[in-house]
Amino acid sequence: MGLLSSRRASRVQRKAEAKIRKAEEKAVKTRVQLEAKVGAQEEARRHKKALKTEHKYQAKAHKAERKTTKSAGKAQQKVAAAEAKTVAAQAKVAEKQSLLNPAKVRRYLTVGRILAPIAGPILYRGAVAARSEITALQARRAGVPAATLTQFGGPSAALRARISTAQETAQKVGEADSTPESAAFVNTMLGRLNNLVVAADAADTMPPAQRRAAQRAISNELTAIDNDLLARLNVHP
C-alpha cells in the first residue's frame, strides 16, 4: 500500500507540474500577443497622426494657392478697369476742348494696349513668387528638396518626390555596401518603390475620396521603406 500510494502521489505531482508549465507557457504567449497588439496599435496611431498633419498642411497650401490666384485675377481686373477709366476720362477732356480727332483716339487706344502688357508681367511675377513659396512649404512638409518636388506634377506630386528621394537613398546604400546581401536588399527596396510609382499614377485617375485613401496607403508604405533604409544604415528613429 505504501508503494502504491507513493506512485499515485508522484503521478498527481507530475500532472500538477505539467498543468503549471502549461499555464506558464500560456501566460507567456498571451503576454507576447498583448505586447505585439499594443505595439501595432501605437504604430497605427503614429501613422494616423502623421497623415493628419500632412493633410492639414496640404489643405493650407492649396487654400493659399487659390487665394493668391484669386487675388491676382482681381488685381488684373482692377488694372484693366483703371486703364479703361483713364482712357475714357482723357477722351472726355479732349472732347470738351474740341480737340478730339481720330488721331488722338488712336493714340489713346495705343497707350491702353501698351499699359496692359506692362501690368500683366508684374502680376505674373507676383503669382510666380507666391507659387514658389507654396512649393517650398509643400516640399518641407513632404521632407524633400523643393527642386525635387517641382519635377513632378499631378495630385500625387509630393508622393512621387518622396519615392524619387527614397530611390536615390537606396542606390546610395548599395554603393556604400557592395556585398551580395546588400545588393539583394537594395533590389528589393527598388522593386517596392517602382510599385509605388505605378500606384501613384493609378491614384491620380481615381475619384477624390478614393484617391485620398490610396495616397494614405502609399504614404504608409513609403514610411515603412524609409524605416527599412534607416535600419540598414543602423539608424533607428
Side-chain angles (χ1 to χ4, degrees), residues 1-59 140-144 156 158-200 202-203 206 209-237:
M1 290 296 291
L3 180 60
L4 184 60
S5 298
S6 176
R7 289 180 177 176
R8 185 181 295 110
S10 296
R11 286 197 299 272
V12 171
Q13 182 178 358
R14 286 195 300 272
K15 288 182 178 180
E17 291 175 350
K19 288 183 178 180
I20 292 172
R21 286 195 301 272
K22 186 175 181 180
E24 291 176 345
E25 291 173 355
K26 184 176 181 180
V28 170
K29 183 178 180 180
T30 301
R31 185 172 64 254
V32 170
Q33 291 175 343
L34 181 60
E35 291 175 352
K37 182 178 180 180
V38 171
Q41 290 176 343
E42 182 63 25
E43 181 66 19
R45 281 195 293 270
R46 285 198 298 268
H47 282 313
K48 184 177 180 180
K49 184 177 180 180
L51 289 173
K52 185 176 180 181
T53 301
E54 181 179 355
H55 177 72
K56 178 181 178 181
Y57 284 111
Q58 285 182 348
R140 287 195 295 271
R141 299 309 173 195
V144 298
S156 301
L159 289 174
R160 289 190 180 88
R162 285 183 60 191
I163 294 171
S164 176
T165 301
Q167 288 173 329
E168 293 177 0
T169 301
Q171 291 171 353
K172 290 179 181 178
V173 169
E175 294 172 358
D177 185 358
S178 58
T179 62
E181 191 271 338
S182 176
F185 169 81
V186 171
N187 288 335
T188 299
M189 293 299 102
L190 291 176
R192 292 169 64 184
L193 291 168
N194 289 337
N195 290 338
L196 292 185
V197 171
V198 177
M206 297 177 180
Q210 188 176 359
R211 180 172 64 241
R212 287 192 293 271
Q215 288 173 338
R216 284 194 295 270
I218 295 170
S219 180
N220 288 340
E221 180 64 13
L222 265 174
T223 300
I225 293 174
D226 289 338
N227 290 336
D228 289 343
L229 291 172
L230 289 174
R232 186 71 185 181
L233 297 171
N234 293 322
V235 178
H236 303 281

Q: Please step through side-chain contact (heavy atoms from CB on, under 4.5 Å) for the pair S164 and R160, ending with a clear verdict.
A: CA-CA 6 Å; S164 176; R160 289 190 180 88; over 6 Å; no
Q | Any E24 side-chain heavy atom under 4.5 Å of I20 side chain | A | yes
Q) So which heavy atom on A203 is nearest to which on Q215, and how close? A)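 The answer is CB-CG, 4.5 Å.
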Q: State the CG-OG1 distance between L229 and T165, to the nearest 0.5 angstrom.
A: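 So the CG of L229 and the OG1 of T165 are separated by 11.5 Å.
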(Q) Contact between K29 and E25 at the side-chain level, heavy atoms closer than 4.5 Å - yes or no? (A) no
(Q) Using 0.5 Å steps for rounding, measure from the NZ atom of K49 to the CZ atom of R46. (A)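 It comes to 11.0 Å.
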(Q) When you compare the side chain of R45 with that of K48, does any pair of heavy atoms fall below 4.5 Å? (A) no
Q. Under a 4.5 Å cut-off applied to non-hydrogen side-chain atoms, are K26 and K22 in contact?
A.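 Not in contact.
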Q: With rounding to the nearest 0.5 Å, note down the distance linking CZ in R232 to OG in S182.
A: 4.5 Å
Q. To the nearest 0.5 Å, what is the distance between CD (E43) and CG (N220)?
A. 9.0 Å
Q) Taking atom OG1 of T169 and atom CD1 of I225, what is their separation to the nearest 0.5 Å? A)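 The OG1 atom of T169 sits 11.0 Å away from the CD1 atom of I225.
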Q | Side chains of R162 and S219, donor plus acceptor under 3.5 Å | A |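 Looking only at side-chain atoms, S219 and R162 do form a donor-acceptor pair, the distance falling under 3.5 Å.
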Q) For V197 and Q167, what are the C-alpha separation, side-chain angles and deciding distance, and is it a side-chain contact (heavy atoms from CB on, under 4.5 Å)? A) CA-CA 11 Å; V197 171; Q167 288 173 329; 4.1 Å; yes
Q) Can you find a heavy atom in the side chain of N195 that is under 4.5 Å from one in the side chain of E221? A) no
**Q.** Close side-chain approach of N227 and T223, heavy atoms under 4.5 Å
**A.**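 Yes, side chains in contact.
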Q: Report yes if the side chains of L196 and R192 come closer than 4.5 Å at any heavy-atom pair, otherwise no.
A: no
Q. Is the closest side-chain heavy-atom distance between N194 and I163 below 4.5 Å?
A.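 No - every pair of side-chain heavy atoms lies 4.5 Å or more apart.
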Q.
What's the separation between atom CG in D228 and atom CE in M189, rounded to the nearest 0.5 Å?
A.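 One finds 5.0 Å between CG of D228 and CE of M189.
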